[in-house]
Number of protein chains: 2
Amino acid sequence: MLTIGQLAAYAGVTVRTVRHYHQIGLLPEPERDASGYRTYTATAVVALIKIRTIANAGVPLARVRAMLDADPATFAEAIQRIDDHLRDEIERLETSRKQIGRLAAGDSLVLPPEVVAYLDRLRAIGASERMVAGERDGWILVGARWPDYPRDWIPYKIAQLEDPRVVRLYRLLSDALDGDPGDESRLPEVADLMVELAEESGEEETGGQAEDDLPFDLMDAFAIESDPRAVRLMELMRERGWARWTKLERVRE
Amino acid sequence: MLTIGQLAAYAGVTVRTVRHYHQIGLLPEPERDASGYRTYTATAVVALIKIRTIANAGVPLARVRAMLDADPATFAEAIQRIDDHLRDEIERLETSRKQIGRLAAGDSLVLPPEVVAYLDRLRAIGASERMVAGERDGWILVGARWPDYPRDWIPYKIAQLEDPRVVRLYRLLSDALDGDPGDESRLPEVADLMVELAEESGEEETGGQAEDDLPFDLMDAFAIESDPRAVRLMELMRERGWARWTKLERVRE
DNA sequence: GCTTGACCCTGACGCAGCGTCAGGCCCCGA
DNA sequence: TCGGGGCCTGACGCTGCGTCAGGGTCAAGC
């Protein structure tokens, strides 16, 4: 006969664990000796090890109990599900390891170096800090969901800055943003310039899959939520025959 | 600007989670708008994703917070420890998968077939149910800790049963066990027979490593705890020059 | 016989990491 | 103006034990 401490030691658990399993009816209460001590037989060791084997696989104790008094077919099925779950869990931890690794390898999670370079360029051409902060937040948002996007698109954005008209556009936007939030007087000029640039670049980019548009949708939404004047500006663009914001499209009509 | 719901969606967590992180000071409380709504910037998304990246690796939130305001060197060190922990955890789950598999592949965890065969043989030679139950519990105990032991030793035990004196020994023990627990009158006869068998088999087995003796120690202890007469029997054996129980040894003097 | 230390007993509160009401305000589209 | 969805602040619930608190028991040594 075994005491609770010996039982626990053989099964590799604590005494408290055994008592807990009694309390929730997972392990039947054994006989007591004269002084009230629980006295176990070896079958309890087996039962306990079986319970721990299942519980170690991440199965909640309530389901372990359900498994113990299930018929063999149901039991086997449950085992299969547990194994599947274990496989998924291992996979999850492995991707977690990769992400942790990326965290260690410089703060690429925070801001990709390409974006930093782009923001520096924006400052260099005279964009306001507000403007830069807005751009930064937008790219952070996009990068959080589609980590590869900034790397693919930033070079294109930087190249655009070679065009003096693009530079002028950013300065106009900066001035507009720094002014009174209710002052929409400078927006038509901005819209005209954007249309001019859009007409010129044409529709080379149309034909991209809808999936690729998600990040741009997000940035559009972000711009609109950041400042009420973005809404007015989009209206002005639509009047001129263009829709969307960060990726312009001719309105089809 | 983002609402709490949008923030949560971008980071892939629930609103409740974000609020919880505010409550425990893991994520700073943002500004509120006129109606008391929290208003987030994209940096919050980044912070939240960073938190989740670390927490997903199984790091408790308290330690996540400690990491967030640690210097880069300490941070890198912590990341290393997390990675180690992840590796261990993956390994643990993989062994768990193997054990679950053994559970599915027949109840080898409960009683190895060799032991079942051995118990049947014991019944066949006339051992009492009490005796068989005691043997069963002993082998269960051993098998729980050293799964390969029964497979290696049971054939030897079965072979021993070919000797009529061994059969007589088991019958004597059965009778003794089924009698009054205080009745030790039949023990000397048992001891004499055990000594006879021990003298004959000699000390072929001496030289085994100490590690190999653990299971036998366990079975000795189990026998003693099962019945007070086992203690008396061991005394009688020692008087006759032999120590231990399930694996006899000449007393060195 | 008495102490000491290692066990055993029950009962109860504590902890992480949120889920999930409850009760109430706010915003937007029809 | 009404309904549905989203926001707010509490506050209790859940799992799987750890960890006292406040007691009895057992074996060993003096």
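Throughout, a chain's letter reflects where its sequence line sits, starting with A, and its residues are numbered from 1.
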[N], OP1 or OP2 - any side-chain N/O from [X] closer than 4.0 Å?
X	N	value
A/Ser35	D/dG24	no
B/Arg19	D/dG6	no
B/Arg52	C/dC18	yes
A/Thr17	D/dG16	no
A/Arg38	C/dC9	yes

If you check the [X] side chain, which of [options] turns out closest?
X	options	answer
B/Tyr37	D/dC17, D/dG6, D/dT25	D/dG6
B/Arg32	D/dC17, D/dC8, C/dG19	D/dC8
A/Thr14	D/dG18, C/dC8, C/dT20	D/dG18
B/Leu61	C/dC18, D/dT9, D/dC17	C/dC18

Would you say the base of D/dG16 and the side-chain of A/Tyr21 have a donor-acceptor pair closer than 3.5 Å?
->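 Donor-acceptor pair under 3.5 Å: no.
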Would you find more than 12 non-hydrogen atoms of other residues, nucleotides or ligands less than 6.0 Å from A/Glu94 atom CD?
->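 Yes, because the 6.0 Å sphere around CD of A/Glu94 holds more than 12 heavy atoms from other groups.
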Whole Å only: how far is the [atom1] atom of [X] from the [atom2] atom of [N]?
X	N	atom1	atom2	value
B/Asp33	C/dC28	CG	P	11 Å
B/Leu27	C/dG17	CG	C1'	15 Å
B/Leu48	C/dC18	CG	P	11 Å
A/Ile4	D/dG24	CD1	P	20 Å
A/Leu7	C/dC8	CG	P	10 Å
A/Ile54	D/dT15	CD1	P	18 Å
A/Gln23	C/dC13	CD	P	13 Å
B/Met1	D/dC7	CE	P	16 Å

Main chain of [Y], side chain of [X]: is a donor-acceptor contact present, judged purely on distance under 3.5 Å?
X	Y	value
B/Ser96	B/Arg92	no
B/Glu135	B/Val132	no
B/Asp83	B/Ile79	no

May I ask you to say what A/Ile24 touches in the nucleic acid, namely base, sugar-phosphate or nothing, with a heavy-atom cut-off under 4.0 Å?
->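 It contacts nothing in the nucleic acid.
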B/Asp84 bridged to B/Arg81 by N-O distance under 4.0 Å |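 Looking at B/Asp84 and B/Arg81, the cut-off is not met.
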